[in-house]
Protein chains: 2
Amino acid sequence: MRQDNRLPRVLHALLHLSDMKDPATSEQLAGMLNTNAAVVRRTMAGLRDRGILTSIKGHGGGWQLARPLEKITLAEIYQALGAPTLFALGCGDEESQCLMEKAANTATARALQLASETFITALSSVTMADLAVDFEKRLAELGLSPDNLHHFADQHH
Amino acid sequence: MRQDNRLPRVLHALLHLSDMKDPATSEQLAGMLNTNAAVVRRTMAGLRDRGILTSIKGHGGGWQLARPLEKITLAEIYQALGAPTLFALGCGDEESQCLMEKAANTATARALQLASETFITALSSVTMADLAVDFEKRLAELGLSPDNLHHFADQHH
DNA sequence: GAGTCACGTAACATTAAAAGTTACATGATT
DNA sequence: AATCATGTAACTTTTAATGTTACGTGACTC
């Protein structure tokens, strides 16, 4: 499989959305994320279905946050993306009849399961608001005031 | 990327090797693993370089364990495979200049890093001997004596 | 209410990495 | 010298994300 970058991409998009008053079109977001509008729609669809985003058609339409950043955990976003396969590693054929293969597969699956739980737990403990704080810190480190210079932080504009 | 099943496949192969007195040829292992001899050679090459296996050319040659199962951890095998990418998920473009994207990527990378550490730790705590014990248990559960019925456990034969 | 904007979605092409396959060179044994 | 088995390169296949194009539908403006 190719590498799945939807999670960081969506986080990135949500941060931009939180910074905008008006709805952002798929076209605008695609520009910020260096991708295609259809990809944005496809990727964001799950977040809309989960009530994280709203989408509005027609003039002045686009994407908006449906909730404050504090109430959106990264784990929920991961779920909204369909909880895509975390691992590039597989644990072998589940239906094998060879007991040696079963032992091998079980051991692999166990390690992957533990890693998966760690991943979900880590995502659960972080909200989008935490990311926004991280962003503000990065801004401040560059000596920029968070109040009036947000747009400088975004190289896309 | 496609799913990487090398780790469970190698574990499976090592269990079979531990059960054989004579070296097993790539052809034989390929039969047990339902794959191709060239794949076996390619996959096992890293284990040979790490001193986990020895390979012998010519008549009566093939693959053998270079150490007792107790002294082979799953983590070492994973390393011997080149520590292939664990995750199907990426953490975005590392070189982005957008501070929002950096915040998003960092958060994703952090969760992946924790998961990765859990995975390696889990692999480190298990040796091939543990897998052999697991195999014996599975044999016993089927009501078979471990002493003289090993070959029944392997559906390949 | 016609035109335009923006989402919704399907269909197809592209891409990346493991895995499968084929072929042949090299070394070891008989 | 013949045969066996590894070592390795080159190429094809596979799979899921991603990129792309196209068109339908709803919503707003005039």
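Just so you know, these numbers use all the heavy atoms, side chains as well, and skip hydrogens, waters and symmetry mates. To find a chain, count down the sequence lines: A is the first, B the second, and so on, and within it residues start at 1.
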Just how far, in rounded Å, is [atom2] of [N] from [atom1] of [X]?
X: Leu86(B); N: dA17(C); atom1: CG; atom2: P; answer: 16 Å
X: Trp63(A); N: dG8(C); atom1: CH2; atom2: C1'; answer: 9 Å
X: Asp4(A); N: dA17(C); atom1: CG; atom2: C1'; answer: 15 Å
X: Gln3(A); N: dA16(C); atom1: CD; atom2: C1'; answer: 10 Å
X: Glu27(B); N: dT3(D); atom1: CD; atom2: P; answer: 17 Å
X: Ile56(A); N: dT4(C); atom1: CD1; atom2: P; answer: 22 Å
X: Gln64(B); N: dT6(D); atom1: CD; atom2: P; answer: 11 Å
X: His59(B); N: dA5(D); atom1: NE2; atom2: P; answer: 7 Å

Checklist entry - Does Arg42(A) get its side chain close enough to the base of dG19(D), under 3.5 Å, for a donor-acceptor pair? => result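 Looking at the base of dG19(D), it does pair with a donor or acceptor on the side chain of Arg42(A) (distance under 3.5 Å).
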Item to check | Side-chain N or O of Ser55(A) closer than 4.0 Å to phosphate OP1/OP2 of dC7(C) | outcome: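 Checking Ser55(A) against dC7(C): no side-chain N or O falls below 4.0 Å of OP1 or OP2.
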Checklist entry - Do any side-chain nitrogens or oxygens of Thr35(A) fall under 4.0 Å of OP1 or OP2 in dT18(D)? => result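 Checking Thr35(A) against dT18(D): no side-chain N or O falls below 4.0 Å of OP1 or OP2.
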Next on the checklist: Taking the minimum atom-to-atom distance to the side chain of Arg9(A), which one of dC7(C), dG7(D), dT18(D) wins?
Outcome noted: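 Among dC7(C), dG7(D), dT18(D), the one nearest the side chain of Arg9(A) is dT18(D).
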Item to check | Closest nucleotide among dC7(C), dG20(C), dG19(D) to the Thr25(A) side chain | outcome: dC7(C)
Give every pair of a protein N or O atom and an N or O atom of nucleotides 22-25 of chain C that lie under 3.5 Å apart, one pair per line with the distance.
none

Next on the checklist: Quick check against the 3.5 Å criterion: does Ser18(B) have a side-chain atom that pairs as donor or acceptor with the backbone of Leu15(B)?
Outcome noted: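 Yes; judged by distance alone, with no hydrogens or angles, the pair exists.
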Item to check | Arg6(A): partners by side chain to side chain donor-acceptor pair (under 3.5 Å), with sequence neighbours left out | outcome: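 Scan of Arg6(A) (side chain to side chain donor-acceptor pair (under 3.5 Å), adjacent residues dropped) gives Asp4(A).
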Checklist entry - Is it true that the side chains of Arg138(B) and Thr106(A) contain a donor and an acceptor less than 3.5 Å apart? => result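 Present: a donor and an acceptor within the cut-off.
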Next on the checklist: Within the 4.0 Å heavy-atom criterion, would you say Ala24(A) contacts the bases, only the backbone, or no part of the nucleic acid?
Outcome noted: sugar-phosphate
Checklist entry - When you match Arg6(A) and Gly60(A) each to their closest nucleotide on DNA chain D, which lands nearer the 5' end? => result Arg6(A)
Checklist entry - Going by the ring-ring contact (aromatic ring centres under 6.0 Å, His included) test, which pairs reach into residues 94-133 of chain B, not counting sequence neighbours? => result Tyr78(B)-Phe119(B)
Item to check | Selection residues 26-55 of chain B - residue pairs positive for ring-ring contact (aromatic ring centres under 6.0 Å, His included), sequence neighbours left out | outcome: none
Atom pairs and distances, side-chain donor-acceptor, residues 45-53 of chain A, under 3.5 Å, sequence neighbours left out:
none

Next on the checklist: Under the rule for salt bridge (charged side-chain N to carboxylate O under 4.0 Å, His left out), what residues qualify as partners of Asp93(A), not counting sequence neighbours?
Outcome noted: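 By the salt bridge (charged side-chain N to carboxylate O under 4.0 Å, His left out) rule, Asp93(A) matches no residue at all.
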